[in-house]
Amino acid sequence: MIRFEHASFAYRSGAAAEAGVRDVSLHVGSGQVVVLCGRSGCGKSTLLRMANGLAPRFFPGERTGRVLLDGEEVGDLVTWRIAERAGTLFQNPRTQFFNVDATGEAAFALESAGWPGEEIRARVGETFRELGLEDLAGRSVFRLSGGQRQKVAYASIWALRPSNLLLDEPTSNLDMPSIADIAAFVAHAKAAGRSILVAEHRLAWLTGIADAYVYLEEGRVSRVMDAREFAALSPQELVSMGLRTRDLDDVAPANDAVAPPGRRGVALSARGLSVDYGRGPVVREADVDLRSGEVVALAGRNGAGKTTLCRALCGFERKAKGAVSLDGRRAARKRRGRASSMGFQDVDYQLFAESAAAEVTFGLPRREAAAVDVDAVLRELALSEAAARHPATLSGGQKQRVGIARALADEPAVLLCDEPTSALDPETTRSILDLIRDVRDRLGVTVVIITHEMSVVRRICDSVSLLEAGRIVQSGPIEDVVSDVDSRLSLELVPPPDVPKAALVAGSTEDAEDTDDQADGAGDADHAGSTDSAESAVIDVALTAHPGEPAAAQVLSLVAEQGADVAGGVFETLGTAQVGRLALTIPADRAQTAVAALREAGITAEVRS
């Protein structure tokens with residue numbers, strides 16, 4: 001059980017004293033999941049720090065009110081007692097690692113609690129099996145992707161089986177399969193009776209799991225909603241509250257989302273680029289061409305090699321092999337490092353100064369630093385109020401923006417951003433993407449964005465590359481990629497629509513009534529009824545605006561001829577490409593005949609498995 005009773009906290013560090021939370025009262029019971037949501041910097045992480053005792057024990061400040069774990073005041077508990085009662089998953093998992101390998105990390109809390117060695121080994125093995133993480137056992141945490149680290153960090157807190165879980169943006173750097181894994185972990189913990197408090201911007205994965213949503217504004221509880229009330233919020237209400245939508249795509253594509261790259265010159269190219277840390281290649285024979293002024297997305301699952309590829313392009317990887325050129329000339333690592341700037345996924349690794357303002361020009365030569373309009377940079381990234389604050393007191397989203405500000409201050413020829421929107425609310429996400437677009441347009445900077453969010457790709461990117469197991473398996477301009485309607489990237493950029501379960505059963509109910517019995521007053525017991533129902537199949541149909549292909553009206557006419565119903569549809573315009581996907585329902589015994597007829601008319605169609 002987690003309880004806040006009129007709890008407040010004010011940070012002690014300079015302007016940070018204005019931040020924190022005020023007069024918060026909330027309760028998380030056993031087997032409940034409560035979600036803290038709101039704009040970046042609203043106090044979500046501060047509440048978690050109060051619940052695990054880090055505020056004020058690690059983060060200096062003044063705390064008032066009461067914070068209880070299982071009925072006991074957190075301030076009265078020694079740290080090891082808190083660890084037994086509450087497991088915390090931080091936004092950046094590396095900040096909570098104490099070992100160099102995944103197995104040691106999962107065992108750390110048990111060792112600290114004084115468990116016997118045999119019991120530790122048994123519990124660690126049980127934890128990895130329970131969470132389906134056996135393939136990560138024994139692996140170096142330095143060689144894991146961000147998503148894999150997050151799963152190991154969760155295993156390390158679950159090993160003790162604490163009665164309470166505190167999760168700070170647990171999905172911010174994860175791909176969709178990994179998000180599904182985290183959702184399964186949380187649902188499992190909920191079923192086991194744990195009290196779970198989650199601070200999150202990504203809200204879609206919590207549908208069906210969360211019991212309540214606490215909306216924070218400027219450190220205060222503004223609204224508390226149960227799951228049904230939250231589900232009833234309109235998309236417009238969510239936007240006005242600064243929340244992401246409940247759909248998996250969080251950022252709607254802009255009307256001018258993508259400009260064709262044309263014949264821009266190649267700014268940076270690589271041939272046969274490979275990176276091997278000794279346990280097999282992480283990047284394999286990658287060929288890359290980044291054009292001047294182009295925004296390129298790198299997509300792929302956690303561990304695919306996206307970050308390592310970017311580090312190799314920047315010259316940060318000593319073990320990289322292959323040829324890399326800048327502006328047509330072979331470039332050594334040092335030259336590439338000077339010409340490029342990278343915003344890291346683990347932003348804490350690039351924050352060194354005493355304030356957010358000082359961070360923007362940290363490390364620049366004096367003359368270059370003096371030429372930077374720090375106030376303007378902070379203002380563009382909505383960081384003006386945080387200018388005097390120490391970076392350690394900022395929220396994860398604010399730190400992310402400071403890291404981007406520092407990268408932009410260099411005015412690099414190539415800007416690489418590793419998950420730049422992962423910990424941001426929708427308004428800040430839009431401002432970051434607009435800023436990246438503006439920098440591209442004004443300075444001709446080439447931008448590479450690593451992202452799991454296809455909505456970001458749709459909104460701003462000119463081209464996209466998909467990595468799998470270190471290899472680039474698909475690459476090209478957005479228009480070409482989405483027009484290949486059966487390709488993996490096209491399906492991720494414009495996914496087929498969901499089909500309501502109710503649409504999968506077609507039937508009719510006919511009631512026969514015995515009027516004589518009715519007249520005799522026999523009632524409903526003598527009424528006869530029969531229900532005929534047939535299971536439906538789903539047919540996925542893809543449309544493009546290619547010359548000579550059937551128009552939408554013709555497709556709908558053919559659909560009607562086959563006796564199918566349209567259960568859902570989605571249409572996107574990306575640059576010059578127009579792509580639509582329809583989900584049709586039809587009695588299962590007629591599905592293959594309908595698919596054959598659609599294909600004969602030149603329409604891409606297949607039965608959904």
Side-chain angles (χ1 to χ4, degrees), residues 87-111 124-125 127-159 167-186 202 274-284 286 298-312 314 316-320 342-350 396 400 416-419 422-423 450-452 466-471:
T88 303
L89 183 62
F90 295 115
Q91 193 176 107
N92 178 1
R94 279 182 123 171
T95 61
Q96 67 189 92
F97 284 168
F98 291 89
N99 291 268
V100 297
D101 68 280
T103 300
E105 192 57 44
F108 181 76
L110 304 172
E111 293 170 337
V124 169
T127 298
F128 276 118
R129 287 191 298 275
E130 186 177 344
L131 301 178
L133 303 178
E134 298 99 318
D135 60 323
L136 299 182
R139 292 182 58 181
S140 167
V141 297
F142 302 107
R143 298 295 179 234
L144 299 179
S145 70
Q148 291 167 330
R149 291 187 193 121
Q150 193 78 305
K151 294 176 187 178
V152 170
Y154 184 88
S156 72
I157 67 172
W158 184 245
L167 312 181
D168 193 357
E169 305 244 14
T171 68
S172 62
N173 297 315
L174 304 187
D175 57 19
M176 290 306 169
S178 297
I179 290 175
D181 290 340
I182 292 292
F185 296 166
V186 174
R202 281 178 158 180
S274 299
V275 180
D276 191 333
Y277 296 124
R279 296 186 60 173
V282 179
V283 175
R284 306 166 186 258
L298 284 183
R301 293 186 175 183
N302 292 117
K306 304 182 296 297
T307 299
T308 303
L309 175 58
C310 278
R311 288 175 56 85
C314 282
F316 298 159
E317 285 291 346
R318 295 180 181 275
K319 295 181 178 294
M342 185 169 181
F344 295 140
Q345 184 177 13
D346 294 336
V347 70
D348 287 323
Y349 283 120
Q350 60 188 121
Q400 191 92 309
L416 301 104
C417 302
D418 196 348
E419 300 279 1
S422 62
I450 297 174
T451 186
H452 294 300
L466 175 66
L467 272 75
E468 288 184 353
R471 296 186 185 279

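Every heavy atom of this structure was used, including side-chain atoms; hydrogens, water molecules and symmetry mates were not.
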J.: Would you indicate whether the side-chain heavy atoms of Thr88 and Gln96 approach each other to under 4.5 Å?
T.: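 Gln96 vs Thr88: side chains apart.
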J.: Taking salt bridge (Lys or Arg N to Asp or Glu O under 4.0 Å) as the test, write out the residues that go with Arg94, two or more places apart.
T.: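 Checked Arg94 against salt bridge (Lys or Arg N to Asp or Glu O under 4.0 Å); matches are Asp346.
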J.: How would you list, by chain and number, every residue that makes a side chain to side chain contact (heavy atoms under 4.5 Å, CB included) with Val347, sequence neighbours excluded?
T.: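 Result, side chain to side chain contact (heavy atoms under 4.5 Å, CB included) vs Val347: Gln350, Leu351, Lys399, Gln400.
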J.: Under the ring-ring contact (aromatic ring centres under 6.0 Å, His included) test, which residues partner Tyr349, sequence neighbours left out?
T.: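 Listed in chain order: nothing, the list is empty.
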J.: Okay, side chain of His452, backbone of Ala299: is any donor-acceptor separation there less than 3.5 Å?
T.: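 Side chain of His452 to backbone of Ala299: no pair is present.
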J.: Please check: side-chain N/O of Glu317 versus main-chain N/O of Arg311, any donor-acceptor pairing under 3.5 Å?
T.: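 Not confirmed, Glu317 side chain does not pair with Arg311 backbone.
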J.: Can you sort out the partners of Ser178 under side chain to side chain donor-acceptor pair (under 3.5 Å), two or more places apart, ordered by chain and number?
T.: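 Partners of Ser178 by the side chain to side chain donor-acceptor pair (under 3.5 Å) criterion, ordered by chain and then number, come out as Lys151, Asp175, Asn302.
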J.: Looking only at heavy atoms, which two atoms of Lys319 and Asp276 are closest? And how far apart?
T.: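 So the minimum-distance heavy-atom pair works out to CD-O, 3.5 Å.
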J.: Distance check, rounded to the nearest 0.5 Å: Leu416 atom CG versus Phe344 atom CZ?
T.: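 Leu416 atom CG to Phe344 atom CZ measures 10.0 Å (nearest 0.5 Å).
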J.: For Ser274, what residues pass the side chain to side chain contact (heavy atoms under 4.5 Å, CB included) criterion, not counting sequence neighbours?
T.: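 Scan of Ser274 (side chain to side chain contact (heavy atoms under 4.5 Å, CB included), adjacent residues dropped) gives Glu285.
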J.: Can you tell me how far apart CZ (Arg284) and CG (Leu467) are? Round to the nearest 0.5 Å.
T.: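 With rounding to 0.5 Å, CZ (Arg284) is 11.0 Å from CG (Leu467).
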J.: Tell me every residue that passes side chain to side chain contact (heavy atoms under 4.5 Å, CB included) with Ala106, counting only those two or more places apart in sequence or in another chain.
T.: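 Here the qualifying residues are Val124, Phe128.
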J.: Nearest 0.5 Å please: distance from the NZ atom of Lys306 over to the CG atom of Leu466.
T.: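 Lys306 NZ to Leu466 CG: 9.5 Å, rounded to 0.5 Å.
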J.: If the condition is ring-ring contact (aromatic ring centres under 6.0 Å, His included), which residues does Phe185 pass it with, not counting sequence neighbours?
T.: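 Phe185 satisfies ring-ring contact (aromatic ring centres under 6.0 Å, His included) with Tyr154 only.
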J.: Excluding sequence neighbours, so at least two apart, what forms ring-ring contact (aromatic ring centres under 6.0 Å, His included) with Phe108?
T.: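 Partners of Phe108 by the ring-ring contact (aromatic ring centres under 6.0 Å, His included) criterion, ordered by chain and then number, come out as Phe98.
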J.: In a table with atom names and distances, give each donor-acceptor pair under 3.5 Å that connects a side chain of residues 133-141 to protein atoms at least two apart or in another chain.
T.:
{"unit_1": "Ser140", "atom_1": "OG", "unit_2": "Phe142", "atom_2": "N", "d": "3.1"}

J.: Rounded to the nearest 0.5 Å, what separates atom CG in Leu167 from atom CD1 in Ile182?
T.: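 These two atoms lie 8.0 Å from each other.
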J.: I want to check something: taking the side chain as every heavy atom from C-beta on, are Gln150 and Asp181 in contact at a cut-off of under 4.5 Å?
T.: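 When only atoms from C-beta onward are counted, Asp181 and Gln150 do not touch, as no gap falls below 4.5 Å.
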J.: Any non-hydrogen side-chain atom of Cys310 less than 4.5 Å from a side-chain atom of Ile450?
T.: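 The answer is yes, as the side chains (C-beta and beyond) meet within the 4.5 Å cut-off.
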J.: So which of Val275, Leu298, Val282 actually passes side-chain contact (heavy atoms from CB on, under 4.5 Å) with Leu309?
T.: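 Exactly one option meets the side-chain contact (heavy atoms from CB on, under 4.5 Å) with Leu309, and it is Leu298.
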J.: Please name all residues satisfying side chain to side chain contact (heavy atoms under 4.5 Å, CB included) with Ala109, sequence neighbours left out, ordered by chain then number.
T.: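 Per chain and number, Ala109 pairs via side chain to side chain contact (heavy atoms under 4.5 Å, CB included) with Leu160.
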J.: Just jot down the side chain to side chain donor-acceptor pair (under 3.5 Å) partners of Ser156, sequence neighbours excluded, or say none.
T.: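 Side chain to side chain donor-acceptor pair (under 3.5 Å) list for Ser156, sorted by chain: empty.
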J.: Holding to side chain to side chain donor-acceptor pair (under 3.5 Å), I want the full list of residues that pass it with Glu468, two or more places apart in sequence or in another chain.
T.: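 If we apply the side chain to side chain donor-acceptor pair (under 3.5 Å) test to Glu468, skipping adjacent residues, the hits are Arg488.
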J.: Check whether any side-chain N or O of Arg149 sits under 3.5 Å from a backbone N or O of Leu144 as a donor-acceptor pair, and report yes or no.
T.: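 Yes.
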J.: Taking all atoms of both residues into account, what is the closest heavy-atom pair of Arg202 and Thr171, and its distance?
T.: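 Closest approach of Arg202 to Thr171: NH1-O, 2.7 Å.
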J.: Which heavy atom in Ala155 sits nearest to a heavy atom in Thr127, and how many Å separate them?
T.: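 Closest approach of Ala155 to Thr127: O-CG2, 3.7 Å.
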